[in-house]
Amino acid sequence: MEIEFASLDDSLARFTLSGASPAFANAFRRAMIGEVPTLAIEDVRIYDNTSALFDEMLAHRLGLIPLKTDLSVYSTQDTCSCGGAGCPGCTATYTLSVEGPRMVTSSDLIPQDPGAAPVYDNIPIVKLTKGQKLVIEARAILNTGRAHAKWQATLVCGYKNHPVITVSDVCDACGMCVEECPRDILVAKGKKVQVAEGKLPECSMCRLCERACLASGIGDEPAIKITAEPDRFIFVVESDGSLPAKEIMNRALSFIREQADELEKQLGELSGDEKK
C-alpha cells in the first residue's frame, strides 16, 4: 500500500492511495470524517441576550465555529483524570461580552487558552442593534464527528477510483470526443487523440467522450474507453483548520490500526489462540 501526494499543506491534501481495497479506502474516508477528535463548544451559559436570536440558535452557531485543537494538550472527558468534571485538561473555556450596534464575530470569543482560539476571526455570529447586548460563557470539549457534525475535522473528504483512458488504433482524431469532454482532458495530436499531460486525475469518468465517439459513426465500439483501476484511489481531504490535514490522516490511520488490533485480539480469544 502506498500514498503519493499531489499537494499537501495544513488545509488541503490531495493524494493517490495505491494497492488498497475499496473497503479500506472507504474505511479511511469514514475514519477521517468521524473518528478524529477536535474541540467544539458544547455548553453555553447565557447571562444576557437581547439580540434577535433565541438562546438555542446562538448556542448552535457557537458550536459550529472551528477551534484550534492541540491533541497533545486536551483529552476526551471519558479518559480525563477529572472524570469529566471539566478541568483544563479536557475543557476549553471562552467568554464573550459585546454591546451593539455592531456585528458579533468569532474574534469576540475570548479563549482562556490562546492555543484553542477560533480558527477564523471573521465568522459572523449575530448582528446587534443599538442597546442590544450579548454576554455569555462557553465550554468546548473534545469529541468526534460520529457524535455530531460540529466535531468533524474535515470540510471535504472524498475519493474516486483512479481513471484509465485507453485510445485504440481505430481513432481517426476527428475531435468530437475532445469537444465533448467537460474538463478538457483530451487533445488531438497527429492522427490520434491523447490525454493532456497531467490531466488524467481530473477525469470524472462521465464517459461523454465514448458517446461522442459512437455518434461520429466509427462503429459499434468507441475508439476511446474509460475504465477505473480497482485498487487505486484519488483522495481530497480539506481540513476546517482545527487540525492540519496530515494529522487528520495520521489520526485516522491510527484509529484503523487500533480497531484492527482489537478485532484480532477478540478473534484470538474466541479461537483460544490469544497472543501473549
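For reference, positions follow the sequence shown, starting with 1. As the structure is a computational prediction, the values presented were derived from the model and not from experiment.
- In plain terms, the two heavy atoms of Cys213 and Ile218 that are nearest each other are O-CG2, 3.4 Å.
- With sequence neighbours left out, Val73 forms a side chain to side chain contact (heavy atoms under 4.5 Å, CB included) with Asp70.
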Begin with the C-alpha distance, continue with both residues' side-chain angles, and end with the deciding distance and a verdict on side chain to side chain contact (heavy atoms under 4.5 Å, CB included) for Val236 and Phe15. CA-CA 7 Å; Val236 176; Phe15 61 92; over 6 Å; no
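- Looking at Thr91, its side chain never comes within 3.5 Å of a backbone N or O of Pro88 through a donor-acceptor pair.
- Of all heavy-atom pairs between Cys80 and Gly89, the closest is SG-C, 4.5 Å.
- Glu4 CD: 12 or fewer foreign heavy atoms inside a 6.0 Å radius.
- Using modelled atom types, one side-chain atom of Gln132 and one backbone atom of Thr129 make a donor-acceptor pair closer than 3.5 Å.
- Leu186 and Leu200 end up in the same hydrophobic cluster when Ile, Leu, Val, Met, Phe, Trp and Tyr side chains are linked at under 4.5 Å.
- Side chain of Ser51 to backbone of Leu128: no donor-acceptor contact under 3.5 angstrom is found.
- Checking side-chain atoms of Arg232 against main-chain N and O of Thr16 turns up no donor-acceptor pair under 3.5 Å.
- When side chains are defined from C-beta on, Ile46 counts as touching Asp55, because their heavy atoms get closer than 4.5 Å.
- In this structure, Pro124 and Val104 have side chains that are not in contact, with every pair of non-hydrogen atoms separated by 4.5 Å or more.
- Sorted by first then second residue, the salt bridge (charged side-chain N to carboxylate O under 4.0 Å, His left out) pairs that include residues 97-109, not counting sequence neighbours, are Arg102-Asp108.
- Put simply, Ile185 and Met205 are part of the same group of oily side chains (I, L, V, M, F, W, Y) that touch within less than 4.5 Å, one to the next.
- Among all heavy-atom pairs drawn from Met249 and Ile3, the shortest one is CE-CD1, 4.3 Å.
- In this structure, the side chain of Gln112 does not engage the main chain of Tyr94 through any donor-acceptor pair within 3.5 Å.
- Atom CG of Leu263 is separated from atom CD of Glu258 by 13.5 Å, given to the nearest 0.5 angstrom.
- Side-chain contact between Pro182 and Cys206 is present, with at least one heavy-atom pair separated by less than 4.5 Å.
- Residues Ile224 and Glu210 approach most closely at O-CG, 3.3 Å, considering heavy atoms.
- Annotation: the span from Asp240 atom CG to Tyr120 atom OH amounts to 7.0 Å, rounded to 0.5 Å.
- Separating the CD1 atom in Ile41 from the CG atom in Leu62 is a distance of 5.0 Å, to the nearest 0.5 Å.
- Tracing side-chain contacts under 4.5 Å through hydrophobic residues (I, L, V, M, F, W, Y), one reaches Val126 starting from Met57; they form part of the same cluster.
- Of the residues Arg139, Lys150, His148, the one that meets the side-chain hydrogen bond (donor to acceptor under 3.5 Å, both in side chains) test with Glu42 is Lys150.
- Counting side-chain heavy-atom gaps under 4.5 Å among Ile, Leu, Val, Met, Phe, Trp and Tyr, Leu208 is found in no cluster with other residues.
- Between Thr38 and Leu67, the closest side-chain pair of non-hydrogen atoms is not below 4.5 Å.
- Formation of a donor-acceptor pair under 3.5 Å by the Ser106 side chain with backbone atoms of Ile123 is found in this model.
- Contact check for Tyr47 versus Arg45: side-chain heavy atoms found under the 4.5 Å cut-off.
- At a threshold of 4.0 Å, the pair Arg251-Glu35 does not count as salt-bridged, since none of the basic side-chain nitrogens sits closer than that to a carboxylate oxygen.
- The only option from Leu243, Asn143, Leu71 that meets the side chain to side chain contact (heavy atoms under 4.5 Å, CB included) definition with Pro37 turns out to be Leu71.
- At a threshold of 4.5 Å between side-chain heavy atoms, the hydrophobic network of Ile, Leu, Val, Met, Phe, Trp and Tyr places Phe5 and Leu17 in one connected group.
- Considering every non-hydrogen atom in both Ser242 and Val119, the closest pair reads N-CG2, 3.8 Å.
- Within the 3.5 Å criterion, the main-chain N or O of Leu39 finds a donor-acceptor partner in the side chain of Thr69.
- Counting heavy atoms from C-beta outward, Pro66 and Pro118 have side chains that stay 4.5 Å or more apart.
- Rounding to the nearest 0.5 Å gives a distance of 7.5 Å between CG of Leu134 and CD1 of Ile125.
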Give the intermediate values and the outcome of side chain to side chain contact (heavy atoms under 4.5 Å, CB included) for residues Leu53 and Arg61. CA-CA 10 Å; Leu53 294 183; Arg61 290 190 176 189; 3.5 Å; yes
Got a list of side-chain donor-acceptor pairs under 3.5 Å for residues 157-172, not counting sequence neighbours?
from	atom 1	to	atom 2	distance (Å)
Lys160	NZ	Pro201	O	2.8
Lys160	NZ	Cys203	O	2.6
Asn161	ND2	Glu229	O	3.1
Ser168	OG	Val170	N	3.4
Ser168	OG	Ala223	O	3.3
Asp169	OD1	Lys192	NZ	3.4
Asp172	OD1	Cys174	N	3.2

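- The salt bridge (charged side-chain N to carboxylate O under 4.0 Å, His left out) search around Arg14 returns none, not counting sequence neighbours.
- The CD1 atom of Ile141 lies 4.5 Å from the CD atom of Gln77; values are rounded to the nearest 0.5 Å.
- Using a 4.5 Å cut-off on side-chain heavy atoms (C-beta onward), Val193 and Val178 make contact.
- The aromatic rings of Phe235 and Phe28 sit tilted, their planes meeting at an angle between 30° and 60°.
- In this structure, Arg29 places its CZ atom where more than 12 heavy-atom neighbours from other residues, nucleotides or ligands lie under 6.0 Å away.
- Pairs engaging residues 213-222 under the salt bridge (charged side-chain N to carboxylate O under 4.0 Å, His left out) rule: Glu221-Lys225 [sequence neighbours left out].
- Hydrophobic clustering of Ile, Leu, Val, Met, Phe, Trp and Tyr side chains at less than 4.5 Å, counting indirect connections, unites Ile256 with Ile248.
- Ala252 and Val36 make their closest contact through N-CG2, 4.1 Å (heavy atoms, listed as atom of the first residue, atom of the second, distance).
- For the pair Ser239/Pro244, no side-chain contact is recorded, criterion being any heavy-atom separation below 4.5 Å from C-beta on.
- Between Asp261 atom CG and Gln266 atom CD the span is 12.0 Å, to the nearest 0.5 Å.
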